[in-house]
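A short worksheet on the structure shown next.
Note that ligands are numbered from 1 as they come in the structure, with each ligand's atoms numbered from 1 the same way.
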Amino acid sequence: MKTDIKKADKKYIASTYKRFPVVAVSGKGSVVTDENGKKYIDMGSGIGVTAFGVADPAWRKAVCDQAAKLQHVSNLYYTEPCVKLARTLCRRTGMKKVFFSNSGAEANECAIKAARKYSCDKYGAARHVITTLNNSFHGRTLTTLAATGQARFHAQFAPLTPGFISFDAGDMTVPRELNARGELAAVMIECVQGEGGVIPLTAGFVKDLAAFCSENDVLLIVDEVQTGNGRTGELYAYMNYGITPDIVSTAKGLAGGLPLGATLLGEKCRDVFSYGDHGSTFGGNPVACAAALSVIGRLDKKLLASVKQKSKFIFDSLNGAEGIESVSGMGLMIGIKTSRPASEVVNECVERGVLCLTAKDRVRLLPALNIPMKTLEKAINIIKQVCKGGE
Ligand SMILES: *Cc1c(COP(=O)(O)O)cnc(C)c1O
C-alpha cells in the first residue's frame, strides 16, 4: 500500500515546518518533480543549498566516487577531500585555516568560540561581548539564536547564551561604547541579510565597521552561510565590499546539497584553537568535502560573471513591474516586495509550478547558480503574472 506521505509526516514529524503541499521525489537541474509527476522550477534551490541544481552530473560523480571509496573515518585520521577543500578555500580567500562542521549554525558556533578565545587569551575573559545587527539571522541553536537580532525568534527559549548585543546597521554607537568599556570581542554581520528580507548592507557602513574592527583589534566575523559560495556573484559576499574579515562562516550551498559547514580563520585566529578546544564527529566528512570541492572548483570567473548577468536580468524584469513595489538583493539572492502578501504570491506560484521562498514580508529567490536562461525567464514570467494578480 502506498504511504500517504503528507498524513504520515503530520503524524510522525515534529511540527516545526509549515510545508507546502508538495512531496518532492526527484529532479534534474533546476526542475523538481513531485509524487504525481508534476514539475516545478526550483527558484529556491532548497534554501540556497543545491548550488548546481538537483542531481547535477559533476556533483553526483564527485559524491558517488567518494562514497564508493570511503564515506567516513573519525577526525582522528587524515583524509584527502577535507584537506584539499581547506587548501582550496584558503587559497581562494586568503584565510589561513578551516574548521569543518555540518551546518550554518555550527559554523557560527565555531566562529563565536574562536572570537571569544582570541579575545580572552589576549585581553582576559571580561572582553567577550559579540555585537550583531538588528534584523540579522545566525541560526537556531541557543547561542546562534542569541546572536540573531530578531526578537521573534527568541520568545519562549530564554535564557539564551549571554554576551550578545545587537545594534542597527549604520549606527556605530553601540560597538564604540562596548569597545570603550573594554568588553567588545567581535562584530558579526551578514553582508546581505537573508532571513531579514534580503537586505544588502551599505558599502559605507561595512567599510566603517571593518576599519573600526581593525583599529581596535575587534574581530570581524562575516556570516556567509547564505551569501557564500558564489551566491552574490563573488565567491563570498564580503568580496563585493573590498574588506578582509577575520573569520568567515559558511554552509548552505557549500557542498551543493550535502550537510557541510566551514569556519574560515584569518591570520589573527589561525592558531586560536588547540587540541580539544573544538570538534565535530561528522565535520569534514569526505563525501561532503568531495561534493564541496566540485562546487567550489566550478565557481570560476565565467560562472560568477553569469551569476551577475542573470541577476541583472531578474532586476531589470521585475523592477517597475505591476504588483512589485521594490526589488532588493545581490547576485542570485533576490527579495521582492510585492503588493499582494508574499505568502499568497508564493502559494500561487507553487500551484503554477514555481517554487519560491519568503523572507519576512518579501518573496525571496535563490535559484541554482547554473539555472538555464530559458528556465529562469519562464519562472520570472510566472512570478510577474502572479504578482500582478487577477489571473
Ligand atoms: C541558514 C542560515 C544560518 C543557519 O544555517 P543552518 O544550516 O540552518 O544551521 C545561519 N546564518 C545565515 C545567514 C543563514 O542564512
Side-chain angles (χ1 to χ4, degrees), residues 14 16-18 44-51 99-115 130-150 152-154 157 160-161 164 166 169 186-201 206 220-232 234 236-238 240-241 245 247-264 280 282-285 288 291-292 295 328-335 357-360 362 364-367:
T16 59
Y17 305 108
K18 184 160 183 273
S45 50
I47 302 187
V49 169
T50 48
F99 180 85
F100 288 116
S101 52
N102 315 284
S103 67
E106 282 174 280
N108 284 337
E109 290 270 345
C110 174
I112 290 161
K113 281 179 79 172
I130 295 176
T131 52
T132 62
L133 293 178
N134 285 324
N135 200 46
S136 60
F137 182 83
H138 297 295
R140 303 281 194 164
T141 62
L142 286 171
T143 297
T144 56
L145 268 185
T148 293
Q150 297 190 62
R152 67 191 173 108
F153 290 108
H154 297 170
F157 300 109
L160 304 178
T161 306
F164 292 88
S166 57
V187 181
M188 180 154 148
I189 58 169
E190 301 154 89
C191 289
V192 183
Q193 295 186 324
E195 306 301 314
V198 197
I199 310 201
L201 301 181
V206 172
L220 178 60
I221 305 172
V222 180
D223 177 343
E224 296 264 7
V225 172
Q226 190 163 157
T227 54
N229 315 303
R231 177 58 51 195
T232 67
E234 293 291 337
Y236 291 102
Y238 75 80
N240 292 296
Y241 289 84
I247 302 175
V248 174
S249 57
T250 191
K252 287 195 167 88
L254 177 60
L258 290 181
L260 182 65
T263 308
L264 281 51
S280 165
F282 285 116
N285 171 276
V295 168
S328 64
M330 203 184 276
L332 288 177
M333 181 170 179
I334 306 273
L357 303 160
T358 58
K360 281 196 150 171
R362 288 166 196 235
R364 174 172 44 158
L365 308 180
L366 302 168

Using heavy atoms and a threshold below 4.0 Å, how should the contact between [X] and ligand 1 be classified: side chain, backbone, both, or neither?
X: S103; result: both
X: N108; result: side chain
X: H138; result: backbone
X: E106; result: neither

Minimal non-hydrogen separation, [X] against [Y], with atom names:
X: L254; Y: G261; result: CD2-C, 4.4 Å
X: G329; Y: P200; result: O-CG, 3.7 Å
X: A186; Y: I221; result: CB-CD1, 3.9 Å
X: A255; Y: A291; result: O-CB, 3.4 Å
X: A288; Y: L260; result: O-CD2, 3.8 Å

Check: of Q226, E190, K252, min heavy-atom distance to atom 2 (C) of ligand 1 comes from K252

query = Would you say G104 has any N or O atom under 3.5 Å from an N or O of ligand 1, going by distance alone?
reply = yes

Near A105 (heavy-atom distance under 4.0 Å), the atoms of ligand 1 are 4 (C), 5 (O), 6 (P), 9 (O)

If we ignore hydrogens and angles and just use 3.5 Å, is the side chain of E224 paired with the main-chain N or O of Y238 as donor and acceptor?
yes

Atom 11 (N) of ligand 1 has as its nearest protein heavy atom D223 OD2, 2.8 Å

Checking contacts now, so for atom 8 (O) of ligand 1, which I'm interested in, is there any protein heavy atom under 4.0 Å? no

Which of I130, T132, I189 passes side-chain contact (heavy atoms from CB on, under 4.5 Å) with H138? It is T132

